[in-house]
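If you're wondering where the values come from, they're calculated on a predicted model, not measured in any experiment. Hydrogens, waters and symmetry mates are skipped; everything else that's a heavy atom, side chains included, is used. Chain naming here is simple, since letters A, B, ... match the order of the sequence lines and numbering starts at 1 in each.
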Number of protein chains: 4
Amino acid sequence: MAETLDDKLKAIQQEGNHMTKKQSQIVEAAIELIAEKGYYNTSTSEIARRAGVAEGTIFRHYETKKDLLVAIVTPAIANFSAPFFAEKFVKEVFDESYQSFEDLLYAFIRNRFEFAQSNVPILKILLQELAFHPEIQTTYKQVFGTTVYPAMDHAFTYYKEKGEIGDLPTDVLIRMIVPTIIGFMIDRFMLNPQKDWDDELELRRTVEYILQGIRKNECQ
Amino acid sequence: MAETLDDKLKAIQQEGNHMTKKQSQIVEAAIELIAEKGYYNTSTSEIARRAGVAEGTIFRHYETKKDLLVAIVTPAIANFSAPFFAEKFVKEVFDESYQSFEDLLYAFIRNRFEFAQSNVPILKILLQELAFHPEIQTTYKQVFGTTVYPAMDHAFTYYKEKGEIGDLPTDVLIRMIVPTIIGFMIDRFMLNPQKDWDDELELRRTVEYILQGIRKNECQ
Amino acid sequence: MAETLDDKLKAIQQEGNHMTKKQSQIVEAAIELIAEKGYYNTSTSEIARRAGVAEGTIFRHYETKKDLLVAIVTPAIANFSAPFFAEKFVKEVFDESYQSFEDLLYAFIRNRFEFAQSNVPILKILLQELAFHPEIQTTYKQVFGTTVYPAMDHAFTYYKEKGEIGDLPTDVLIRMIVPTIIGFMIDRFMLNPQKDWDDELELRRTVEYILQGIRKNECQ
Amino acid sequence: MAETLDDKLKAIQQEGNHMTKKQSQIVEAAIELIAEKGYYNTSTSEIARRAGVAEGTIFRHYETKKDLLVAIVTPAIANFSAPFFAEKFVKEVFDESYQSFEDLLYAFIRNRFEFAQSNVPILKILLQELAFHPEIQTTYKQVFGTTVYPAMDHAFTYYKEKGEIGDLPTDVLIRMIVPTIIGFMIDRFMLNPQKDWDDELELRRTVEYILQGIRKNECQ
DNA sequence: CATGAATGAGGCTTCATTCAT
DNA sequence: AATGAATGAAGCCTCATTCAT
């Protein structure tokens with residue numbers, strides 16, 4: 001138990017490496033089934049069947065069914081939240097790589113959009129199960145509190161000073177921006193994935209909506 | 001099965017009337033427990049215990065556990081979505097009761113905010129369980145499609161013509177507005193209910209954010 | 001959890017009363033099977049089958065399989081150890097109902113012999129499972145320490161003063177007497193129950209052996 | 001399967017010889033764990049872990065888990081019961097090496113005491129598991145019937161004739177003596193090993209108790 | 001209407017044993 | 001000989017649902 005959550009998160013990002021073939025079959029099957037039907041409607045025997053392994057094999061790799069869920073969802077939290085902030089927000093904002101908040105926001109949304117696009121089922125699971133599993137909530141809070149929030153706070157402060165963002169607290173800005181982005185992705189990937197989307201257009205619209213919504217209110 | 005969904009919805013809105021004492025105890029207990037722990041983590045025996053009735057009594061009133069869930073959630077859908085639109089949007093917008101889109105939006109958000117405030121647990125259930133129960137999804141789509149969407153579409157058209165809203169499709173407007181409002185409520189009532197909220201201020205900020213986000217872009 | 005072990009023991013002695021028919025079928029079947037094959041070789045499904053009930057019914061009455069074991073064994077401990085001491089040792093020894101230690105010992109052995117005779121399977125379980133279940137050990141120690149030991153200690157002191165017993169510590173006397181008695185019963189009821197026993201003779205022999213073994217060593 | 005039990009017993013007594021290092025690690029680990037927690041509470045994976053070998057390695061040396069148990073317990077039976085009788089009882093009693101039954105009994109108890117002292121865990125296993133494993137019972141009966149009983153019978157007859165032992169059947173004498181000795185050892189090594197024992201004193205007391213218990217009843 | 005004992009299908013998990021490497 | 005991943009039978013337990021009272 002000396003292992004910290006932080007260690008775990010790091011370990012997780014390289015997970016793919018040391019997984020046996022059967023293990024990744026299990027994870028893949030679990031992701032498909034749980035995304036589709038939810039954690040409590042998916043039995044371990046069903047996962048085993050779809051993965052083409054014996055039920056006992058699941059428990060050789062994951063002590064409990066919940067451990068399997070956590071093993072699926074934790075990297076998603078780490079990867080969805082962290083990378084962009086670690087690399088882009090913190091570094092490039094200082095580098096002034098982004099001329100304006102708009103540039104940053106656009107890069108951010110596009111980057112997360114692309115990540116989501118490649119990870120729809122896992123993110124679906126994350127969204128659906130977050131409410132029911134304290135273990136996941138803890139990880140989420142940890143990641144959000146140490147990585148996402150500070151980076152956002154930092155960036156907001158910077159652009160507020162530059163006058164590009166209205167004078168709203170970070171909490172409020174997050175409460176505006178995040179649901180807008182997630183709302184778009186839910187619509188795009190979960191509610192109406194089959195629709196004939198013009199992703200470029202919608203990304204622009206989303207950026208625009210947020211930008212106008214939070215910008216300094218100069219024209220009123 | 002001649003009964004249509006529509007009939008059901010109507011019946012539901014007057015439900016309170018014909019419920020026996022035991023029955024409302026059951027519903028109340030179920031709401032508390034399911035909101036707190038989720039549908040699959042709440043057993044009928046637990047509901048019976050908290051309600052102070054025998055387990056069999058639940059099944060005298062609801063054929064299955066899922067029926068009980070549906071009986072809880074369906075009126076929430078009907079009531080959360082419908083009333084305002086039926087009464088205010090449709091009628092008063094025509095009456096020109098609302099001078100501006102801002103007035104309408106503000107009235108709408110405040111109205112829904114107050115409704116949410118009095119129905120936190122049920123709405124929590126709705127939000128959490130919607131993903132897992134096709135029965136609920138069907139009801140939701142039906143209500144949304146026949147009541148909410150048309151009313152919104154109507155209003156948006158009206159105010160777009162008046163130049164108060166930018167020229168965005170109804171779908172897009174909904175995708176912008178709804179997550180913003182729901183996101184606020186989740187923060188307010190579910191994630192941080194204990195915070196020292198200045199509700200008036202936050203309502204204003206929410207309206208402002210939406211308004212700027214979707215208004216005609218005159219000042220750029 | 002306010003309930004003390006003592007309360008439990010009392011409750012247990014009247015247990016028979018409030019057991020439903022199915023419940024006593026379960027207990028009876030469990031006793032038979034566990035006595036014969038041991039706790040870990042007896043499955044709950046087997047118990048259910050022999051009891052003529054559904055497997056789930058067991059768990060309506062006993063939360064876990066181990067609870068069932070404890071429910072079987074605890075009264076045996078209470079009843080095997082306690083009654084004689086409470087009633088006879090303590091009271092009658094003072095009354096001088098027993099002229100000599102021999103009388104007391106004989107009455108005691110005969111009394112416990114008869115009890116054992118009517119409870120062979122349960123006592124077999126107690127003997128076999130005591131080593132593996134801390135829950136049972138705890139009960140045993142409690143009963144022994146508060147009831148059996150004090151009564152024996154009392155009686156030994158009394159008869160030592162009368163010169164009928166040699167000057168050995170209570171611990172040692174118990175270590176001599178108890179295995180002799182239990183050893184006899186194991187032979188009689190468990191190892192060779194089918195033998196053609198002359199119980200009166202063997203009881204006498206057992207008393208004699210103990211008596212000579214611990215008496216004041218006058219003739220050497 | 002031409003191999004008789006007798007062959008096996010002989011083979012067993014030289015077992016140490018042909019055991020590989022891993023094999024004795026396995027046996028040692030198994031003894032520790034099974035003594036502590038019982039056969040059914042000890043998994044082969046746990047034994048393998050403690051032994052520092054792979055789980056499969058156990059099954060290379062012992063076809064089944066039960067075979068491992070038998071391999072542990074059979075030599076204990078052979079060694080606990082047999083040697084003294086074979087060497088001492090039979091030979092030395094005839095040699096009249098022991099002047100009196102007391103001398104023999106004392107030598108016997110001391111000898112078995114010392115053996116027990118060096119083999120507590122294995123004897124614990126024997127005692128605890130004997131009831132549940134017919135394979136062990138068979139071995140036990142075989143050894144007892146062919147080695148212990150005849151030797152004892154022989155010695156008893158001899159000393160009865162010399163008038164040192166009362167006229168009791170061998171069965172009865174065994175039923176008196178054996179539980180007394182085993183009872184002492186259980187107390188000494190299993191129930192209260194940590195106590196500050198004066199072993200010499202207790203050995204003497206045990207001998208004394210048995211001796212008086214079974215001697216010719218001359219002084220009554 | 002209400003009760004609650006009884007049901008039995010199905011879920012998660014353990015573990016002795018096998019086998020390809 | 002040794003390994004350890006994989007197996008799958010079997011175990012304990014949960015829980016929605018039924019039904020006699």
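- The nearest whole Å value for the distance from the CD atom in A/Glu55 to the P atom in E/dC12 is 7 Å.
- Among E/dT3, F/dA16, E/dA6, the nucleotide with an atom closest to any side-chain atom of C/Thr20 is E/dA6.
- The distance from atom CD of C/Gln23 to atom P of E/dT7 is 13 Å, rounded to the nearest whole Å.
- Each of A/Lys66 and B/Gly52 has a nearest nucleotide on DNA chain E; the 5'-most of these lies closest to B/Gly52.
- Spacing between atom NZ of B/Lys65 and atom P of E/dG10 amounts to 17 Å, rounded to whole angstrom units.
- Of the nucleotides present, E/dA9 is the one that pairs with F/dT14 by Watson-Crick or G-U wobble criteria, both distances under 3.5 Å.
- For A/Lys22, taking side-chain heavy atoms from C-beta onward, the closest of the listed nucleotides F/dT7, E/dT13, E/dA16 is F/dT7.
- Between B/Ile47 atom CD1 and E/dG4 atom P there is a gap of 17 Å when expressed in whole angstrom units.
- Among the heavy atoms of the strands lying under 4.0 Å from C/Thr57 is at least one base atom, whether or not backbone atoms are also near.
- Across every strand in view, E/dA20 sits in a pair with F/dT3 that passes the Watson-Crick or G-U test at under 3.5 angstrom.
- Separating the C1' atom of F/dT21 from that of E/dC1 is a span of 13 Å, rounded to the nearest Å.
- Within a 6.0 Å sphere centred on CD of B/Glu63, other residues, nucleotides and ligands contribute 12 heavy atoms or fewer.
- F/dG8 is paired with E/dC15 under the Watson-Crick or G-U wobble criterion, all donor-acceptor distances under 3.5 Å.
- Of the listed nucleotides (F/dA6, E/dT3, F/dG4), E/dT3 has the atom at the smallest distance from the side chain of B/Arg60.
- Taking the six-membered ring for Trp and thresholds of 30 and 60 degrees, B/His133 and B/Tyr39 have ring planes more than 60 degrees apart, a perpendicular arrangement.
- For D/Ser43, the side-chain atoms get nearest to E/dA16 when compared with the rest of F/dT3, E/dT7, E/dA16.
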Show, in sequence, the C-alpha distance, side-chain angles and deciding distance for A/Lys124 and A/Glu36, and conclude whether the salt bridge (charged side-chain N to carboxylate O under 4.0 Å, His left out) test is met. CA-CA 9 Å; A/Lys124 209 165 169 181; A/Glu36 185 188 344; over 6 Å; no
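- Closest to the side chain of B/Thr64, out of F/dG8, F/dT17, F/dA2, is F/dT17.
- Within 6.0 Å of atom NZ in B/Lys141, 12 or fewer heavy atoms from other residues, nucleotides or ligands are found, so the atom counts as exposed in its surroundings.
- Taking 4.0 Å as the cut-off between side-chain N and carboxylate O, B/Lys37 and B/Glu46 count as a salt-bridged pair.
- Put simply, CG on C/Asn41 is 15 Å from C1' on F/dC12, counting in whole angstrom units.
- Within the 4.0 angstrom heavy-atom criterion, base atoms lie near D/Thr44.
- Relative to the side chain of C/Phe59, the nucleotides E/dC12, F/dT7, F/dT14 differ in distance, and F/dT14 lies closest.
- Rounded to whole angstrom, the span from the CZ atom of B/Arg49 across to the C1' atom of E/dT3 amounts to 16 Å.
- Comparing A/Val53 and B/Gly56 along DNA chain F, the residue whose closest nucleotide (by nearest heavy atom) sits nearer the 5' end is A/Val53.
- Distance CD1 (B/Ile58) to P (E/dA2): 12 Å, rounded to an integer number of Å.
- Side-chain contact, C/Glu55 with C/Ser45: no donor N or O sits under 3.5 Å from an acceptor N or O.
- Atom P of nucleotide E/dT21 and atom NZ of A/Lys21 are separated by 12 Å, given to the nearest angstrom.
- With E/dT17, E/dA2, F/dA2 as the choices, the nucleotide that has an atom nearest any side-chain atom of B/His61 turns out to be E/dA2.
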